[in-house]
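Right, one structure below, let's go through it.
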Amino acid sequence: MLKEIKYLIFVIIISLFLFFTGKYYFSDEYKKKSYRSLNNINSKIDNYSSKLPTLESDTDNVVEYVKQTTKKKKKFNFWKLLEDNEE
């Protein structure tokens, strides 16, 4: 009997917790606060990004391209290797 009352109290507490949590998160007041905070974050990002200094690019003409005059292509003898292994 005492065990069943304890389980009933646990179920009631858990269901009340879920009910009040859902009621708070689906309320209009919470939606207004979250929307305002998102707008506030966006305005802070815009304000901060406008104050950032920009650096000049100092990487112009840094890479020098080397022109290769000789093109040696290695010949692969894959089929010859297979023929030698068959014997």
Side-chain angles (χ1 to χ4, degrees):
M1 179 74 177
L2 188 59
K3 206 177 214 184
E4 289 85 14
I5 294 174
K6 185 172 69 170
Y7 288 140
L8 181 64
I9 291 172
F10 287 154
V11 168
I12 290 172
I13 290 173
I14 291 171
S15 61
L16 284 175
F17 173 76
L18 292 174
F19 173 73
F20 286 122
T21 304
K23 183 179 175 185
Y24 175 74
Y25 281 114
F26 292 120
S27 69
D28 289 332
E29 182 181 341
Y30 178 74
K31 289 178 185 176
K32 287 178 187 177
K33 285 182 182 178
S34 65
Y35 181 72
R36 286 180 189 153
S37 68
L38 288 175
N39 283 341
N40 193 12
I41 289 172
N42 286 338
S43 66
K44 283 183 181 179
I45 289 173
D46 290 338
N47 189 16
Y48 182 75
S49 64
S50 66
K51 293 180 182 178
L52 284 175
T54 56
L55 300 175
E56 297 285 329
S57 175
D58 60 348
T59 59
D60 295 333
N61 298 324
V62 173
V63 178
E64 294 179 10
Y65 294 102
V66 178
K67 195 172 189 180
Q68 292 182 353
T69 56
T70 60
K71 288 187 176 181
K72 292 184 179 180
K73 191 171 185 180
K74 185 177 180 181
K75 291 187 178 182
F76 294 102
N77 297 321
F78 180 72
W79 292 113
K80 287 184 181 178
L81 288 174
L82 286 179
E83 290 174 0
D84 291 342
N85 283 339
E86 288 179 4
E87 293 174 0

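Given the structure is predicted, the values throughout are model-derived calculations rather than measurements.
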Sole residue of Asp46, Leu52, Ile45 in side chain to side chain contact (heavy atoms under 4.5 Å, CB included) with Tyr48: Leu52
Take atom CD of Glu4 as the centre, draw a 6.0 Å sphere, and report whether it contains more than 12 heavy atoms from other residues, nucleotides or ligands. yes
Give me the ring orientation class for Tyr25 and Tyr30: parallel if the planes are under 30° apart, tilted from 30 to 60°, perpendicular past 60°. perpendicular
For Lys51 and Asn47, what are the C-alpha separation, side-chain angles and deciding distance, and is it a side chain to side chain contact (heavy atoms under 4.5 Å, CB included)? CA-CA 7 Å; Lys51 293 180 182 178; Asn47 189 16; 3.5 Å; yes
Kindly compute the distance separating CE (Met1) from CD1 (Ile5), expressed to the nearest 0.5 Å. 4.5 Å
Interatomic distance, CZ@Phe19 vs CG@Leu16, rounded to 0.5 Å, equals 8.5 Å
At what distance, to the nearest 0.5 angstrom, does OG1 of Thr21 lie from CZ of Phe26? 10.5 Å
Under a single-linkage definition using a 4.5 Å side-chain heavy-atom cutoff for Ile, Leu, Val, Met, Phe, Trp and Tyr, are Ile14 and Val11 assigned to the same hydrophobic cluster? no
